[in-house]
Number of protein chains: 2
Amino acid sequence: MKATPAERTKGVCSPPSIPLPAVRVDASVEILKALADPTRLQMVGVLKRASEPVCICDFTAAFALSQPTISHHVGKLREAGLVEVTKSGIWAYYRLARNLDVRTRAVLDALV
Amino acid sequence: MKATPAERTKGVCSPPSIPLPAVRVDASVEILKALADPTRLQMVGVLKRASEPVCICDFTAAFALSQPTISHHVGKLREAGLVEVTKSGIWAYYRLARNLDVRTRAVLDALV
DNA sequence: GCTATCTATTGATGACCGTCAATGGAACGG
DNA sequence: CCGTTCCATTGACGGTCATCAATAGATAGC
């Protein structure tokens, strides 16, 4: 009925522990989902290296995707709070958000 | 026909630059997608803090999800190379992979 | 006003994901 | 053997996502 290779008992082996607060997990998941796409990760890489805000038209030229798809991706990044947009005339310029928290910045430094 | 707020010309404003190698982007995206789920991120947090491999039955007890769903999530983590499994008798014990590369470890240190 | 350019939005479509119930497979105890 | 426990797999279902074509909004120059 039971087998104890170490000192395990019934169904639950060791007391379950959930160390991370749910609100923090949700925040991290939102960032991770925003970054978990090749195009968006490349975009963040470009923005992280750019010394000035980058025009959307640069992305449409660089990424072999339709213009609505490009707009969709930068919108996702903006919803996640990763980028900021400033509009000047016809153009829309994007840059990395300047108030990224420490953990998000660490993720970006590690990956892009 | 054209408007030049700075020194932009026609459609393409500045020469496009794709700094990150595609192979590295794909590898990063695989890690990000594996982590971009609340349950899996919590699992990784538990494993990161655990001093010994954790039994699947602990996860089924901790996460209010069906056992197939738990198995599905740890399978995703294993496919991404984030965790390793060692089976002992009836039980399956999971731990963090011991050969995680530097960038992946930095992401885990930042988030979980 | 009219036209051209850049960007965002809408609608549609095909693919993928998270979840569960049901089943299968393996190992242990009697 | 046989029943039990643990884990993985399959099949199905609803939801989300990435993508594009088409359209709309906004701005600048004529």
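Chain identifiers are assigned alphabetically (A, B, ...) following the order of the sequence lines, protein sequences preceding nucleic acid strands; residue numbering begins at 1 within each chain.
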Legend entry - side-chain N/O A:Tyr94 vs C:dA8 OP1/OP2, d < 4.0 Å: yes
Legend entry - Spacing between B:Arg78 atom CZ and D:dC7 atom P, to the nearest angstrom: 14 Å
Legend entry - Between CG on residue B:Asp37 and CD on residue B:Gln42, distance to nearest 0.5 Å: 10.5 Å
Legend entry - Interatomic distance where CG belongs to B:Leu35 and P belongs to C:dC17 [whole Å]: 14 Å
Inset, instruction - Would you give a per-nucleotide map of nucleotides 17-27 of chain D, 5' to 3', where B means the base has a protein non-hydrogen atom under 4.0 Å away, S means only the sugar-phosphate does, and - means neither? - result: SSBBBB----B
Inset, instruction - Return yes when atom NZ of B:Lys48 has more than 12 non-hydrogen atoms of other residues, nucleotides or ligands closer than 6.0 Å, and no otherwise. - result: yes
Inset, instruction - Identify which nucleotide among C:dT7, D:dC7, D:dA8 has an atom closest to any side-chain atom of A:Trp91, counting heavy atoms from C-beta outward. - result: C:dT7
Legend entry - Atom pair CG (B:Asp58) and CG (B:Leu47), whose distance is rounded to the nearest 0.5 Å: 10.0 Å
Legend entry - Rounded interatomic separation in angstrom, taking CG from B:Leu77 and C1' from C:dC17: 14 Å
Legend entry - End-to-end axis angle, where each axis spans five pairs of the helix from C:dG1-D:dC30 to C:dG30-D:dC1, to 10°: 10°
Inset, instruction - Mind calculating the distance between CZ (B:Phe63) and P (C:dT19) to the nearest angstrom? - result: 11 Å
Legend entry - Derivation of the side-chain contact (heavy atoms from CB on, under 4.5 Å) call for A:Val74 and A:Arg40: CA-CA 7 Å; A:Val74 294; A:Arg40 292 198 291 269; over 6 Å; no
Inset, instruction - Measure from OH on B:Tyr93 to P on D:dC7 and round the result to the nearest Å. - result: 8 Å
Inset, instruction - Report the distance from atom CE of B:Met43 to atom C1' of D:dC7, rounded to the nearest whole Å. - result: 13 Å
Legend entry - Any B:Asn99 side-chain heavy atom under 4.5 Å of B:Glu84 side chain: yes
Inset, instruction - State the NZ-OG1 distance between B:Lys76 and B:Thr39, to the nearest 0.5 angstrom. - result: 13.0 Å
Legend entry - Nearest atoms (heavy-atom pairs only) where B:Gly81 meets B:Leu100: O-CD2, 3.6 Å
Inset, instruction - Determine yes or no for a side-chain-to-main-chain donor-acceptor pair under 3.5 angstrom, with B:Ser71 supplying the side chain and B:Pro68 the backbone. - result: no
Legend entry - Distance, rounded to the nearest Å, where A:Phe59 contributes CZ and C:dA8 contributes P: 11 Å
Inset, instruction - Check A:Arg24 against B:Ala110 and note the closest heavy-atom contact, atom names and distance. - result: NH2-O, 3.7 Å
